[in-house]
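Keep in mind the model is a prediction, meaning the values are calculated, not measured.
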Amino acid sequence: YQRRVRGVRRVELLEARRIAGGIVPALVTTTAAVAGLQTLELFKWATRPASDARERYANSFLSLALPFVAQVEPTPPEERTLDLAELGRVTCWTRLRCDGGMTLRAFIDWLDERYDVEVSMVAAGALVLYTSFSAGHRQRLTQTIEAIYAQLAPSDTPHSQVELDVQAESEDGDDVELPVIDYICKY
């Protein structure tokens, strides 16, 4: 059935064995090479001191067709400077933390007081919790973020944390790219 659905031509038994005979050794060889590289990384990690944090890890590239193996040290994440109170230099790994139990209005005010920004949108992944230009979202300002998230993403298990992406503007009207905010839920 699968052969007909996918449009694969019918072959004789010996031809099928010939095709599989080329695939299986390649699969085994690649698996063995990757396992060997992982073992080398484990030995490096276990034998080097913690002070060489970045040197303890390596990105490995492997091509059995060429043959080619290369290892490079990972580069540090790109840093950018935010002219916001207490943030300074941030990377893609920088996160802000906010204790939950807040209404959406209180959360927006918290961001305004702390970072002097005007919030235009609050999202959790693909779920938009609030946009300043939507009249329907203004009624959510009195609800807690936990309640709004529960409405938009119903689940039997309450979430202990929600990652919020916030779009905001400075007083000058410039877009401010805030780090992800870990909102710790309180029920």
Side-chain angles (χ1 to χ4, degrees), residues 37-38 41-42 44-61 70-187:
L37 288 172
Q38 287 175 329
E41 286 302 307
L42 182 63
K44 275 182 16 187
W45 186 84
T47 59
R48 289 201 177 153
S51 60
D52 298 338
R54 209 162 15 122
E55 284 98 29
R56 291 175 75 171
Y57 303 99
N59 293 330
S60 298
F61 302 96
Q71 288 189 318
V72 294
E73 289 181 9
T75 58
E78 182 181 319
E79 289 187 348
R80 56 189 165 88
T81 303
L82 288 178
D83 294 330
L84 300 175
E86 79 185 53
L87 278 182
R89 300 185 69 74
V90 296
T91 69
C92 60
W93 299 105
T94 304
R95 293 174 106 61
L96 303 177
R97 182 185 164 104
C98 178
D99 290 327
M102 302 173 132
T103 63
L104 186 56
R105 167 58 58 207
F107 177 71
I108 291 171
D109 290 343
W110 176 78
L111 287 170
D112 184 27
E113 290 169 14
R114 193 162 187 175
Y115 303 110
D116 199 25
V117 293
E118 184 178 326
V119 174
S120 58
M121 186 176 85
V122 178
L127 303 173
V128 177
L129 305 181
Y130 170 77
T131 57
S132 60
F133 52 84
S134 174
H137 286 192
R138 289 195 185 101
Q139 68 189 18
R140 294 180 178 172
L141 290 171
T142 58
Q143 295 177 300
T144 63
I145 292 178
E146 291 89 345
I148 298 168
Y149 189 77
Q151 283 175 344
L152 298 175
S155 173
D156 295 337
T157 336
H159 296 282
S160 60
Q161 175 179 319
V162 177
E163 294 179 354
L164 298 177
D165 295 310
V166 176
Q167 287 185 356
E169 294 178 352
S170 65
E171 285 182 348
D172 304 333
D174 297 330
D175 286 340
V176 176
E177 192 177 333
L178 289 171
V180 172
I181 299 172
D182 289 333
Y183 183 85
I184 311 304
C185 297
K186 292 183 181 176
Y187 291 96

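T94 has its side chain within reach of T91: a pair of non-hydrogen atoms, C-beta onward, lies under 4.5 Å apart. Considering only heavy atoms from C-beta on, L164 comes within 4.5 Å of L129 through its side chain. Within the 4.5 Å cutoff, the side chain of V90 has heavy atoms near those of the R80 side chain. Looking only at side-chain heavy atoms (C-beta outward), V180 and D165 come within less than 4.5 Å of each other. A 4.5 Å side-chain heavy-atom check between I181 and E163 finds every atom pair outside the cut-off. Residues F107 and V119 have side chains not in contact (no heavy-atom distance under 4.5 Å, counting atoms from C-beta outward).
Of all non-hydrogen atoms in V128 and T131, the two that sit nearest each other are CG1-CG2, 3.5 Å. Scanning both residues, A168 and L178, for their nearest heavy atoms gives CB-CD1, 4.4 Å.
Between the side chain of R140 and the backbone N or O of L104 there is no donor-acceptor pair closer than 3.5 Å. Formation of a donor-acceptor pair under 3.5 Å by the S120 side chain with backbone atoms of S132 is not found in this model.
Distance check: L37 CG to L42 CG gives 12.5 Å after rounding to the nearest 0.5 Å. One finds the OH atom of Y130 at 6.5 Å from the CZ atom of R138 (value rounded to the nearest 0.5 Å). In this structure, I184 CD1 and S160 OG are separated by 7.0 Å, a value rounded to the nearest 0.5 Å. Here CE of M102 is found 12.5 Å from SG of C185. Values are rounded to the nearest 0.5 Å.
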List the atom pairs, with distances to 0.1 Å, where a side-chain N or O of residues 145-154 and a protein N or O form a donor-acceptor pair under 3.5 Å, not counting sequence neighbours.
| from | atom 1 | to | atom 2 | distance (Å) |
| --- | --- | --- | --- | --- |
| E146 | OE1 | Y183 | OH | 3.2 |
| E146 | OE2 | G101 | N | 2.9 |
| E146 | OE2 | Y183 | OH | 3.4 |
| E146 | OE2 | K186 | N | 2.9 |

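Applying the 6.0 Å contact sphere to CD of Q161 captures more than 12 heavy atoms from other residues, nucleotides or ligands. The local environment of CZ in R89 is crowded, with over 12 non-hydrogen atoms from other residues, nucleotides or ligands closer than 6.0 Å. More than 12 non-hydrogen atoms from other residues, nucleotides or ligands lie less than 6.0 angstrom from CD of E169.
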query: Stepwise, does the side chain to side chain contact (heavy atoms under 4.5 Å, CB included) test hold for V176 with Y115?
result: CA-CA 10 Å; V176 176; Y115 303 110; over 6 Å; no
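Residues forming a side-chain contact (heavy atoms from CB on, under 4.5 Å) with S155 (at least two apart in sequence, or on another chain): T157, H159.
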